[in-house]
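The structure appears right after this line, and notes come after that.
Every chain is numbered from 1, with letters handed out A, B, ... down the list of sequences. Both backbone and side-chain heavy atoms feed into the values below; hydrogens, waters and symmetry mates do not.
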Number of protein chains: 2
Amino acid sequence: MILTTHKTPLFASEKAPGATRNRVLNVAEQLFAERGLHAVSIRDITRAAGVNLGAINYHFGSKERLIGAVFERRIAPISEERLRALEAAEKTAGDVPPTLEAVLDAMFRPTVEQAMDPERGGATFGKLMVRCFVEPHTAVEEVMRRYLDPVVRRFDTVLMCVKPNLTAEDVLWRMHLLIGALHQSLLLWDRTLPDGRTLRMEPETYLKRFLAFAKTAFHASIPEA
Amino acid sequence: MILTTHKTPLFASEKAPGATRNRVLNVAEQLFAERGLHAVSIRDITRAAGVNLGAINYHFGSKERLIGAVFERRIAPISEERLRALEAAEKTAGDVPPTLEAVLDAMFRPTVEQAMDPERGGATFGKLMVRCFVEPHTAVEEVMRRYLDPVVRRFDTVLMCVKPNLTAEDVLWRMHLLIGALHQSLLLWDRTLPDGRTLRMEPETYLKRFLAFAKTAFHASIPEA
DNA sequence: GTTAAAATCATACGAACGTATGAATCATAC
DNA sequence: GTATGATTCATACGTTCGTATGATTTTAAC
């Protein structure tokens, strides 16, 4: 019996499969990053994407779920990369804990590299991520819990071995300070400052400098009392 | 000629002057900090404040202007404090530039102390400020430009004397990283983490630790190439 | 071609939005 | 008292919001 069924269709039209869905995701990411989650209506998105108003509710169910989908598309690979890099660092280190440098690299390199790669959202997603951290949205919070919490917990555990002189609270607190620093720099990445300057730099330079900053900051001794 | 006019009226009612205006400001600050600028309607505010719907447009002109007023009420004193503290540090130092520690203290102490003082908005305003940084709003941007730009420019200049081995871009970039770190910690100040922990600590402890973090981070050497 | 599912479309609904208006109420000055 | 300005109030306007619906078009399998 010969089955002529093919799962991957030969496109009769010029349109790629999921073209509408993807265009909506891209445009939504762009607009959300530029104006904020609440300030963008689904009409803004469908208009800019050149698709029908109903497209969003058809493909995503609701605006809420669209926001979740936009965020998840980028955060999922980052979380995986982070955990993979951390594991690699542990493997390299062998029986002793990995170096602080290696752990911080595993934590921040995935985000920075993604934020510098136009194919994966570039600076746009960087800004969106900051918004998702700040603007409370049920759908986003669920996605963040699912992807980010395990990462933070995992890194937290390792870092306590790397820096045994710090308490658990110290480690967590410093980690969050660095995440905040990262976000701020992503937010300002392509913004022109009041004096006309910009903070843009080469991706590799950025990564090196940020990691140097992070490593030094993390080594700060705890003040007495 | 005896004028019996008095500018400060003896209140016939129990209501303080500007009571409605102030209640609106307080409630709006609270709600904006909790839910974000765009997610709060003026009906939410007037309902929570127990005042008439028209009160906001009567006292502030528009929602936009209310947002500006809420933000300005807190950021103005902070900006003044920062500049005053920086001047004091320069005076103390005499002919040489002030220490990095003193400059960072002048920059961050006002915000932290305000964020710890319930009388001046406490943690609520800390969160609101983060939102104002992230959510673009015409009225807020104008206020931020007016108050924050001069401060950053002034500190920038001084810091370049304090750390002459850094370029202007380095100084600016590190300053923004630290501002991001500060904001993140304000945002998380009273948030319960997934494991039930919190990052709350004594104000004086917080300030000491953050300044130690900032000072160390700022001293980080620039990576080669 | 026929058929059924998937996708797109124009359109409508009720709710909530920011703002404006004019009457009612209050406080103060004479 | 009366007059005047400041404030509060109930209410209405036009717009935009997210979502739902049913018709229409497109796609893929036979």
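One N or O on the side chain of B:Glu64 and one on the backbone of B:Ala139 form a donor-acceptor pair closer than 3.5 Å.
Annotation: proximity of residues 46-64 of chain B to DNA chain D (heavy atom, distance under 4.0 Å) is found for B:Asn52, B:Leu53, B:Tyr58, B:His59, numbered in ascending order.
Protein atom CG of A:Leu31 is 12 Å distant from nucleotide atom P of D:dC17, rounded to whole Å. What separates CZ of A:Arg23 from P of C:dA7 is a distance of 15 Å, to the nearest Å. Nucleotide D:dC9 holds its P atom 16 Å from the CZ atom of B:Arg43, rounded to whole Å. Rounded to an integer number of Å, the gap from CZ of B:Arg65 to P of C:dG18 is 16 Å. Between A:Asp44 atom CG and D:dT15 atom C1' there is a gap of 14 Å when expressed in whole angstrom units. Atom CG in A:Leu37 sits about 16 Å away from atom C1' in D:dC17, given to the nearest Å. Rounding to whole angstrom units, CD1 of residue A:Ile42 and C1' of C:dC9 are separated by 14 Å.
Of the side-chain N and O atoms in A:Thr20, none sit less than 4.0 angstrom from OP1 or OP2 of C:dA7. For D:dT16, the OP1/OP2 oxygens have no side-chain nitrogen or oxygen of A:Ser41 closer than 4.0 Å.
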Exercise answer: donor-acceptor pairs, residues 46-58 of chain A side-chain atoms, under 3.5 Å, sequence neighbours excluded:
residue, atom, partner, partner atom, Å
A:Thr46, OG1, A:Ile42, O, 3.0
A:Thr46, OG1, A:Arg43, O, 3.3
A:Asn52, OD1, A:Gly54, N, 2.8

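Pairing for D:dA12 goes to C:dT19, judged as Watson-Crick or G-U wobble with the two contacts each under 3.5 Å.
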message: Under the criterion ring pair (Phe, Tyr, Trp, His ring centres under 6.0 Å), I'd like the reasoning laid out for A:His137 against A:His38: C-alpha separation, chi angles, the key distance, then a yes or no.
response: CA-CA 9 Å; A:His137 235 280; A:His38 281 99; 4.6 Å; yes
query: Does the salt bridge (charged side-chain N to carboxylate O under 4.0 Å, His left out) test come out yes or no for A:Arg209 and B:Asp170, once each step is laid out?
result: CA-CA 9 Å; A:Arg209 293 197 180 189; B:Asp170 273 317; 2.7 Å; yes
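At least one side-chain heavy atom of A:Arg73 sits under 4.5 Å from a side-chain heavy atom of A:Glu29.
Side-chain contact, A:Arg82 with A:Thr111: a donor N or O sits under 3.5 Å from an acceptor N or O.
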